[in-house]
S.K.: 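Provided herewith is a single structure, encoded as structure tokens, for subsequent inquiry.
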Amino acid sequence: MIFPEALPLLASFLRKNYRTLKLASINSLLSIYKNYGDYITIEQLKSIVIVELPSLLSENDLHISYVALRLATLICKTHGPNLVATAILSPTLTLVQSPLLQGLALESLIEFLITIVNHKQPGLEYKDLVLMLTKPIREQQIAN
């Protein structure tokens, strides 16, 4: 099986500053997970999700954010939100505040949040996510 060697290598490419390499790597990871997700262990996923995906979620490159959120959504659908949400939720909530968020990145972010809510995990239910999403607005109102 080639996955034990390929996944860490692809994940390391996500740290590079070369956009084309990042995009090709995240697309490769997405394709591998779609087709061979059953052969990937939780530990291998953790090394990608917890370490690499959060840094890809930013308004600087919404296309990379879109693909990263698609991967996070697929992992969440398969393994539940506990594996993904702890690492991805904070940068996702920051991305929501961006005035540049639109198109496919926005759609993938909404799909990610819907997937989290559908699993009905304690602390990640609808009301919890609404509170997380509205927290910056409430804090601003209190400050004023």
Side-chain angles (χ1 to χ4, degrees), residues 1-140:
M1 192 64 49
I2 193 170
F3 296 125
E5 294 84 24
L7 293 177
L9 183 62
L10 285 170
S12 72
F13 290 154
L14 297 176
R15 285 182 236 127
K16 306 295 183 194
N17 285 332
Y18 190 50
R19 182 183 186 276
T20 307
L21 181 62
K22 263 188 199 182
L23 196 53
S25 299
I26 192 69
N27 277 318
S28 297
L29 286 168
L30 180 63
S31 181
I32 288 170
Y33 189 77
K34 276 184 184 176
N35 296 309
Y36 305 103
D38 296 338
Y39 302 105
I40 300 173
T41 66
I42 298 291
E43 292 76 27
Q44 291 169 330
L45 284 175
K46 284 182 181 179
S47 69
I48 296 166
V49 173
I50 293 173
V51 177
E52 305 300 338
L53 284 186
S55 64
L56 299 177
L57 299 175
S58 75
E59 65 183 15
N60 296 336
D61 195 332
L62 290 176
H63 188 68
I64 289 178
S65 296
Y66 155 69
V67 180
L69 281 167
R70 283 187 57 212
L71 178 60
T73 302
L74 282 176
I75 293 170
C76 185
K77 284 179 180 178
T78 306
H79 297 288
N82 290 337
L83 178 65
V84 177
T86 54
I88 303 292
L89 203 52
S90 179
T92 301
L93 293 174
T94 303
L95 187 61
V96 165
Q97 297 175 28
S98 171
L100 302 175
L101 186 62
Q102 60 184 339
L104 292 174
L106 177 60
E107 289 176 16
S108 64
L109 190 137
I110 292 169
E111 184 180 353
F112 175 69
L113 294 176
I114 288 170
T115 302
I116 289 176
V117 169
N118 285 340
H119 277 280
K120 297 182 173 132
Q121 294 287 324
L124 295 173
E125 294 177 1
Y126 176 78
K127 63 180 175 157
D128 302 315
L129 283 178
V130 168
L131 286 174
M132 288 180 213
L133 289 167
T134 58
K135 182 180 178 183
I137 297 168
R138 287 183 281 122
E139 288 176 349
Q140 185 179 19

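None of these values were measured; they are calculated from a predicted model.
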S.K.: Kindly determine whether Asn82 and Gln121 satisfy side chain to side chain contact (heavy atoms under 4.5 Å, CB included), including the steps that lead there.
M.R.: CA-CA 8 Å; Asn82 290 337; Gln121 294 287 324; 3.3 Å; yes
S.K.: Please confirm whether the backbone N or O of Ala105 pairs with a side-chain atom of Ser108, one donor and one acceptor, at under 3.5 Å?
M.R.: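 Yes: the side chain of Ser108 pairs with the backbone of Ala105.
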S.K.: Does Gln140, at its CD atom, have more than 12 non-hydrogen atoms belonging to other residues, nucleotides or ligands within less than 6.0 Å?
M.R.: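 Not more than 12 within 6.0 Å, no.
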S.K.: Side chain to side chain contact (heavy atoms under 4.5 Å, CB included) for Arg138 and Leu131? Distances and angles first, verdict last.
M.R.: CA-CA 9 Å; Arg138 287 183 281 122; Leu131 286 174; 3.9 Å; yes
S.K.: If you look only at distance, which donor and acceptor atoms sit under 3.5 Å apart when one is on a side chain in residues 89-97 and the other is two or more places apart or in another chain?
M.R.:
from	atom 1	to	atom 2	distance (Å)
Thr92	OG1	Ile88	O	2.6
Thr94	OG1	Ser90	O	3.1

S.K.: What distance separates Ile110 CD1 from Thr115 OG1, expressed to the nearest 0.5 Å?
M.R.: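 Result: 11.5 Å between the selected atoms.
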S.K.: Ignoring hydrogens and geometry, is there a side-chain-to-backbone donor-acceptor pair from Thr41 to Gln44 under 3.5 Å?
M.R.: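 Side chain of Thr41 to backbone of Gln44: a pair is present.
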S.K.: At their closest point, which heavy atom of Leu9 faces which heavy atom of Ser12, and how far apart are they?
M.R.: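 Nearest pair, atom of Leu9 first, then Ser12: O-OG, 2.6 Å.
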S.K.: Could you check if a side-chain atom of Pro81 sits within less than 4.5 angstrom of a side-chain atom of Val84, using non-hydrogen atoms only?
M.R.: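 Of all side-chain heavy-atom pairs linking Val84 with Pro81, none is under 4.5 Å.
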S.K.: Quick one: CG on Leu53 to OG on Ser65, what's the gap to the nearest 0.5 Å?
M.R.: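 If I round to the nearest 0.5 Å, the distance is 10.5 Å.
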S.K.: Please report the shortest heavy-atom distance between Ala87 and Pro54, naming the atom on each side.
M.R.: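 Ala87 and Pro54 have their closest heavy atoms at O-CG, 3.5 Å.
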S.K.: What distance do Ile40 atom CD1 and Leu7 atom CG have between them, rounded to the nearest 0.5 Å?
M.R.: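 Going from the CD1 atom of Ile40 to the CG atom of Leu7 covers 5.0 Å.
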S.K.: If I take atom CG from residue Leu83 and atom NZ from residue Lys46, how far apart are they, to the nearest 0.5 angstrom?
M.R.: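 Answer rounded to 0.5 Å: 6.5 Å.
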S.K.: In the structure I gave you, are the side-chain heavy atoms of Leu74 and Lys34 within less than 4.5 Å of one another anywhere?
M.R.: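 Yes, at least one pair of side-chain atoms sits under 4.5 Å.
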S.K.: Do the side chains of Asp61 and Leu23 get nearer than 4.5 Å, heavy atoms only?
M.R.: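 They are not in side-chain contact.
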S.K.: Given Val67, which partner from the list Asn27, Leu29, Leu62 fulfils the side-chain contact (heavy atoms from CB on, under 4.5 Å) test?
M.R.: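 That would be Asn27; it is the only one of Asn27, Leu29, Leu62 passing the side-chain contact (heavy atoms from CB on, under 4.5 Å) with Val67.
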S.K.: Hey, what do you get for CD (Glu52) to CZ (Phe13), rounding to the nearest 0.5 Å?
M.R.: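 So the CD of Glu52 and the CZ of Phe13 are separated by 12.0 Å.
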S.K.: Can you give me the closest heavy-atom contact between Thr78 and Tyr33, atom names plus distance?
M.R.: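 Heavy atoms of Thr78 and Tyr33 come nearest at CB-OH, 3.2 Å.
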S.K.: Please identify which of these residues, Leu14, Leu56, Leu69, meets the side-chain contact (heavy atoms from CB on, under 4.5 Å) condition with Ile64.
M.R.: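 When Leu14, Leu56, Leu69 are each tested with Ile64, the side-chain contact (heavy atoms from CB on, under 4.5 Å) holds only for Leu56.
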S.K.: Report the distance from atom CE of Met132 to atom NZ of Lys127, rounding to the nearest 0.5 Å.
M.R.: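 Between atom CE of Met132 and atom NZ of Lys127 there are 11.0 Å.
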S.K.: Can you check side chain to side chain contact (heavy atoms under 4.5 Å, CB included) on Cys76 and Ile116, steps first, answer last?
M.R.: CA-CA 7 Å; Cys76 185; Ile116 289 176; 4.0 Å; yes
S.K.: Is any side-chain heavy atom of Ile26 closer than 4.5 Å to one of Lys22?
M.R.: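 Contact flag for Lys22/Ile26 side chains = no.
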